[in-house]
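These notes concern the structure reproduced below.
Being a predicted model, the structure only gives us computed values, none of them experimental. One-based numbering, in listed order, for ligands and for the atoms of each.
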Amino acid sequence: MPVEPLLEVRDLQVQFTRRGQAVTAVDGVSFHVGAGETVALVGESGCGKSVTARSILRLIRPPGRVTGGRILFEGRDLLSLSEAEMRRIRGNAIAMVFQEPMTSLNPVYTVGQQIAEALRLHRGLKGRRALAEAVDLLRKVQIADPERRIHEYPHQLSGGMRQRVMIAMALACRPRLLIADEPTTALDVTVQAQILELIRQLQAEFGMAVLMITHDLGVVAEVAQRVVVMYAGKVVEEGTVAEIFRRPAHPYTAGLLQSVPRLGQGKGRLQPIPGTVPDPAALPGGCRFHPRCPLADERCRQEQPPLESWSETRRVACWWAGRTAGSGVA
Ligand SMILES: Nc1ncnc2c1ncn2[C@@H]1O[C@H](COP(=O)(O)OP(=O)(O)OP(=O)(O)O)[C@@H](O)[C@H]1O
Ligand SMILES: [Mg+2]
């Protein structure tokens, strides 16, 4: 019997109402994250990654609404919990860090006060004990001179340091799942690498699972064991990092791989995928990727390919998948 996953998203559907019309931004998304595992959710801007992530914590606000599916965390459906129960999960069992840490930190409190508040809320620590623990957490996220830094305000820190503070706050509650939504996108390349390394170390130390959301396959190779690729609100491919990088089966995944610099590959060979992700209000018929796909034929224009399992670890939604895998096409 396979062990029950820590998180299982089943057939998630999220809609927004725009000008009186329901628009489906996330359409039947399913994937899982095992305990202690790092799974990357990838795709270009507008594919539905953040909407999916926010749905897990029930952070979708009107005019957005989860309209279908289940989100099982340790076997419990988060979508059926009361708001009070959900608050206990948020920031306790599941923590989230966002792309722009400035918007999640409160500018009028010091870093120490904010971490201490998280510790009070989630672990009941108060006063000097909370402050001492805050210093400890800052040290864990490798902030130099934490005794001084806890008295500073967010605007006094660099972007990289603010993200470290956010990670410290996320760790304050010792989550079993950390959802990181593009945590390094706003940072420069060296700081990005440091933050990813930090997340990896902390994961090893705390044994938490990570759902890493990114449009950058370089990040995926650094941190994840498995990859879920989204396109226009759907999962189009899933596999282990080794499988995906060695043998992308969906032309979209292949395209993503060809548009990121990789070791040993000159910059001259980088090819961005032509075109852009469609808006969910104006999706093409058939396979949603067909207008941008070099392999598209009549069937792709007419019929939406189902997400099919190839193996325990591999799922692909492409009429051509069996033929393209490993052939270097696309
Ligand atoms: N509040 C909202 N109201 C209406 N539509 C929304 C809202 N939030 C997201 N959407 C739509 O849902 C789709 C998916 O958005 P989402 O933010 O999940 O993309 P993403 O994959 O996270 O992209 P990025 O890489 O830019 O963060 C987009 O088409 C977006 O316009
Ligand atoms: Mg996003």
Which pairs of donor and acceptor atoms, one on a side chain in residues 23-31, lie under 3.5 Å apart (sequence neighbours left out)?
{"unit_1": "T24", "atom_1": "OG1", "unit_2": "Q15", "atom_2": "NE2", "d": "3.1"}
{"unit_1": "D27", "atom_1": "OD2", "unit_2": "R288", "atom_2": "NH2", "d": "2.7"}
{"unit_1": "S30", "atom_1": "OG", "unit_2": "D11", "atom_2": "N", "d": "2.8"}

Practice problem: Evaluate the side-chain hydrogen bond (donor to acceptor under 3.5 Å, both in side chains) criterion for residues E205 and Q201: first the C-alpha distance (whole Å), next the side-chain angles of each, then the deciding distance (0.1 Å), finally the verdict. | Solution: CA-CA 6 Å; E205 185 179 340; Q201 280 174 16; over 6 Å; no

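In this structure, T276 has no side chain to side chain donor-acceptor pair (under 3.5 Å) partners at least two apart in sequence or on a different chain.
Taking CZ from R90 and NE2 from H122, the interatomic distance works out to 10.5 Å, rounded to the nearest 0.5 Å. The CG atom of L81 sits 5.5 Å away from atom CD1 of I89, with the distance rounded to the nearest 0.5 Å.
At a 4.0 Å heavy-atom cut-off, the residues surrounding ligand 1 are F16, R18, A25, E44, S45, G46, C47, G48, K49, S50, V51, E182, P280, listed by chain and number.
Proximity of a side-chain donor or acceptor of E152 to a complementary backbone N or O of L157 within less than 3.5 Å is not detected. Although no hydrogens or angles enter the test, the distance criterion places no donor-acceptor pair under 3.5 Å between the side chain of R164 and the main chain of L198. Under the 3.5 Å distance criterion, the side-chain polar atoms of Q192 are matched with a main-chain donor or acceptor of T184.
Protein nitrogen, oxygen and sulfur atoms, that is N, O or S, within less than 2.8 Å of the Mg ion (ligand 2) amount to 1.
Under the 30°/60° scheme for interplanar angles, the aromatic rings of Y252 and H250 are found to stand perpendicular.
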